[in-house]
Structures are given as structure tokens and as C-alpha cells.
Amino acid sequence: MEMACFNGSLSPRLTCDRPRGRHAHCRAALRYLPQRAASFPGRLARGAAVGRGRRRLAAAAEPQTLQEQPARTEGSGAAEACSKLILVVGGTGGVGQLIVASLLSRNIKSRLLLRDPEKAASLFGKQDESVLQVYKADTRNTNDLDPQMFEGVTHVICCTGTTAFPSKRWDGDNTPERVDWDGIRNLVSALPQTIKRLVLVSSIGVTKYNELPWSVMNLFGVLKYKKMAEDFVRNSGIPFTIIRPGRLTDGPYTSYDLNTLLKATAGERRAVVIGQGDKLVGEVSRLVVAEACIQALDIESTEGQIYEINSVKGEGPGTDPEKWKVLFRSVQSN
Ligand SMILES: NC(=O)c1ccc[n+]([C@@H]2O[C@H](COP(=O)([O-])OP(=O)(O)OC[C@H]3O[C@@H](n4cnc5c(N)ncnc54)[C@H](OP(=O)(O)O)[C@@H]3O)[C@@H](O)[C@H]2O)c1
């Protein structure tokens with residue numbers, strides 16, 4: 001796959017052939033950070049590849065004003081950003097859309113597997129395929145999970161899900177059993193063993209689905225199937241991290257201007273409470289879950305670990321990888 005990065009000008013697709021670590025134009029690449037409160041969809045250029053068949057959603061290069069931003073030092077380094085390709089499964093969901101928005105803001109390439117690729121266009125606008133690629137797939141169908149979808153993928157974040165109780169979202173048999181168990185099993189089975197890290201979003205309470213109050217939540221099996229999926233991931237041989245959120249707050253958002261949204265909610269419920277052993281009970285901002293998933297990809301000590309996560313009012317670690325390292329480490333027994 002061609003390595004392409006943005007420069008800070010009107011040219012949306014400059015092929016980047018520099019050795020790793022020397023992507024100066026990458027570091028200065030187009031960014032639409034939360035602080036800039038810019039319109040999310042309009043910020044990056046232009047066109048998204050939609051597969052299988054990689055139908056283009058749009059390809060017209062429109063004039064735009066892009067300004068160079070100082071290099072980010074926190075989070076994934078820019079050079080590393082250029083070498084990563086993160087597969088996000090469930091990227092149109094509440095947590096997923098925040099993950100994708102955040103990856104775009106860091107100029108990290110991502111590939112989305114979606115049942116409805118058109119949703120990507122409406123959520124993320126027209127993006128160049130060097131930063132955002134979209135493939136059509138339903139994780140329940142093994143035939144949809146074509147090996148070409150995983151070519152070049154270095155990391156995976158899976159945040160698919162459906163409602164715990166019968167709802168419209170179960171239409172077409174999209175139940176917890178099919179999404180949280182069959183879907184994850186199919187996905188993980190299809191992933192190449194070269195994946196550096198798979199982050200799975202699961203749930204608190206999965207180890208206690210027979211106990212009150214969890215048994216109520218589990219009436220239709222959601223916690224049981226999520227636990228089965230966790231176990232499948234743990235036995236897959238792929239380096240993994242499992243994030244078990246408490247009840248999700250903040251979103252899902254219907255606004256298209258995700259960037260403004262990220263800014264608007266910064267500072268609210270961003271202090272992170274993290275645990276292990278499925279003892280934590282509480283709520284967590286989707287923004288915090290999204291950030292935890294992205295941070296876990298690069299923090300070595302999170303490999304093979306399962307974390308429960310809540311958040312409360314306060315500043316929290318933000319996007320600072322050192323603070324996330326300390327947080328994750330603070331609860332680990334090994
Ligand atoms: N809600 C809570 O309080 C809570 C608490 C703990 C854990 N969780 C878990 O946290 C995760 C994120 O939750 P969320 O509320 O942010 O998610 P969400 O809004 O429900 O989004 C779920 C995502 O999964 C995708 N999806 C559903 N069925 C699919 C299928 N068959 N094939 C491919 N993609 C499929 C959806 O895409 P479509 O647009 O195609 O439907 C959507 O992008 C989920 O695993 C959820 O179960 C939630």
C-alpha cells in the first residue's frame with residue numbers, strides 16, 4: 001500500500017518516500033485539532049475509498065485553506081502516525097466515531113469496516129483515502145471479511161455492539177449473540193497474526209452475568225456473549241487489550257461537527273478511574289473510552305491486560321501518553 005501523507009498546502013496527496021522518522025511534512029501535516037474548533041467534515045481533503053470494490057464516495061479536490069500546526073509531541077509521534085494503519089470496526093458508533101475523529105486529528109491512517117459506508121461520508125465528510133479508507137462489511141458474515149480488508153493493517157480497535165434489550169437495532173437478527181459473539185469471533189478469526197495490537201471494547205460486569213444486578217442486563221445474553229468474545233480474543237494469539245467501560249455517557253452524537261463537539265466536552269468527566277478484576281461500577285464518558293483505546297495501542301504494559309474504566313468530573317490524562325502509562329500501570333498486578 002502506498003504511504004501517503006499530507007503536506008500543509010493544497011496538495012492533498014503527496015507520496016511520502018522518506019525514511020521513518022523524517023516525515024517533516026507529516027509532522028506539519030494538516031490537523032484539525034479540537035482547539036481549532038473547525039468544521040469536522042470540511043477539514044481534510046477529499047474523497048474516500050469505499051470497498052469491497054473500493055467505490056469512491058467522492059474525489060473532487062476542492063480548494064481549501066490549510067495551515068501548518070506545530071508538531072505534536074504527545075500521543076503517537078507523527079513519524080509513527082505515518083507508519084500505522086488502524087482498522088476501526090464499529091467506527092460509526094458512539095465510541096467508534098470519537099475514535100475515528102481522534103485518529104483523523106492525529107493524522108493517523110484508519111480503515112473502517114462498516115455495514116453502511118455512506119454513514120462514514122455523513123459523519124466524517126470527504127476524506128482522502130490516504131487517511132481514511134472505508135470498506136463494507138457486516139461482521140456476522142464471514143464472507144464479508146475478505147483478507148484484502150486487512151492488508152497493511154497494523155492495529156485494530158473493535159467497538160461494535162448493539163442494544164442489550166430488543167430494539168430496532170436488532171432488525172435483521174443483529175442481536176447481542178450475533179454481534180457481540182459471532183461478529184467478534186468472525187473478525188478475530190479473519191485477522192492476520194501480524195497485527196501488533198487488537199483493542200476490544202467489552203463491558204463491565206461480564207464475569208458476573210449470573211449475579212444481580214448484572215443478570216438483569218444479561219436477560220438477552222449481552223454480557224455472556226461479550227465474555228465469550230473476550231475469551232476468544234484472549235486465546236487468539238493476537239496481542240490484545242480489553243477495555244471494559246461502565247455505563248457510557250456523552251454521545252452518541254448526531255452532530256456532524258465532531259471537532260467542535262470534542263472541544264465542547266473537554267474538561268467534563270475526563271478524570272479516569274481504572275480497575276481490574278471486574279470490581280468497578282459506574283459511568284464513563286465515551287470520549288475517555290475512545291482515548292483509552294487509542295492510548296492502549298502503543299503502551300506496551302497494556303498488552304494481554306483487561307481494564308475496567310469509569311470517569312468522573314475533572315481533567316484527567318487527556319491525550320498525554322505518559323499519564324495514561326501511569327494510569328494503566330497503577331492497577332496492574334503483573
Ligand atoms: N451503552 C453502554 O452503556 C455500554 C456500557 C458498556 C459497554 N458498552 C459497549 O461499548 C461499545 C461501544 O458502545 P457504543 O454505545 O458507543 O456503540 P454503538 O453506538 O452501539 O455502536 C455500535 C457500532 O457497532 C456497529 N455494528 C453493529 N452491528 C454490526 C455488525 N453486524 N457488523 C458490523 N458493525 C456492526 C454499528 O454500526 P451500524 O451503524 O451498522 O449499526 C456501530 O458502528 C459496545 O460494544 C457496547 O456494547 C456499552
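Note that ligands are numbered from 1 as they come in the structure, with each ligand's atoms numbered from 1 the same way. Model, not experiment: these values are computed from the prediction. Because only heavy atoms are used, hydrogens play no part in the values below, and waters and symmetry mates are left out as well, while side chains stay in.
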Min N/O separation [X] to ligand 1 under 3.5 Å:
| X | result |
| --- | --- |
| Asp116 | no |
| Leu248 | yes |
| Gly90 | yes |
| Asn174 | yes |
| Arg247 | no |
| Gly161 | yes |

Backbone N or O of [Y] within a donor-acceptor pair of the [X] side chain at under 3.5 Å?
| X | Y | value |
| --- | --- | --- |
| Arg269 | Ser311 | yes |
| Gln276 | Tyr307 | no |
| Ser301 | Arg329 | no |
| Lys136 | Arg115 | yes |

(message) Tell me whether Lys208 at atom NZ has more than 12 heavy atoms from other residues, nucleotides or ligands lying less than 6.0 Å away.
(response)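 Yes, because the 6.0 Å sphere around NZ of Lys208 holds more than 12 heavy atoms from other groups.
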(message) Tell me the contacting part of Arg178 for ligand 1: side chain, backbone, both, or neither, using a 4.0 Å heavy-atom threshold, strictly below.
(response) neither
(request) Would you mind telling me if ligand 1 is within reach of the side chain of Arg244, the backbone, both or neither, using heavy atoms under 4.0 Å? (result) neither
Give a yes or no on whether a salt bridge exists between [X] and [Y], defined as a side-chain N under 4.0 angstrom from a carboxylate O.
| X | Y | result |
| --- | --- | --- |
| Asp250 | Arg286 | no |
| Asp298 | Lys84 | yes |
| Arg270 | Glu291 | no |

Which heavy atom of the protein is the closest neighbour of [atom], given with residue, atom name and distance?
| atom | result |
| --- | --- |
| atom 5 (C) of ligand 1 | Gly246 O, 3.3 Å |
| atom 15 (O) of ligand 1 | Arg286 NH2, 2.7 Å |
| atom 46 (C) of ligand 1 | Lys226 NZ, 3.7 Å |
| atom 34 (N) of ligand 1 | Thr160 CG2, 3.7 Å |
| atom 19 (O) of ligand 1 | Gly94 N, 2.9 Å |
| atom 39 (O) of ligand 1 | Lys119 NZ, 2.5 Å |
| atom 21 (O) of ligand 1 | Gly93 CA, 3.1 Å |
| atom 7 (C) of ligand 1 | Ser202 O, 3.1 Å |

(message) Testing the 3.5 Å rule here: is there a donor-acceptor pair between the side chains of Glu230 and Ser202?
(response)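 Result is yes, a qualifying pair exists.
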Take every heavy atom of [X], measure it against each atom of ligand 1, and state whether any distance is under 4.0 Å.
| X | answer |
| --- | --- |
| Pro245 | yes |
| Gln97 | no |
| Val179 | yes |

(message) Measuring from atom CD of Glu300 to atom NZ of Lys325, what distance do you get when rounded to the nearest 0.5 angstrom?
(response)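 If I round to the nearest 0.5 Å, the distance is 9.0 Å.
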(request) Answer whether the closest heavy-atom distance between the side chains of Asn310 and Val312 falls below 4.5 Å. (result)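 No. Closest side-chain heavy atoms not under 4.5 Å.
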(message) A side-chain contact here means heavy atoms from C-beta on lying under 4.5 Å apart; do Asn186 and Thr139 qualify?
(response) no
(message) Heavy atom to atom 29 (C) of ligand 1, shortest distance: which of Arg115, Glu308, Arg140, Met217 holds it?
(response)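 Answer by nearest heavy atom: Arg115.
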(request) From atom 43 (O) of ligand 1, work out which of Asp182, Thr92, Asp173 has a heavy atom at the shortest distance. (result) Thr92
(request) Classify the ring geometry between Phe232 and Trp181 as parallel (under 30°), tilted (30 to 60°) or perpendicular (over 60°). (result) perpendicular
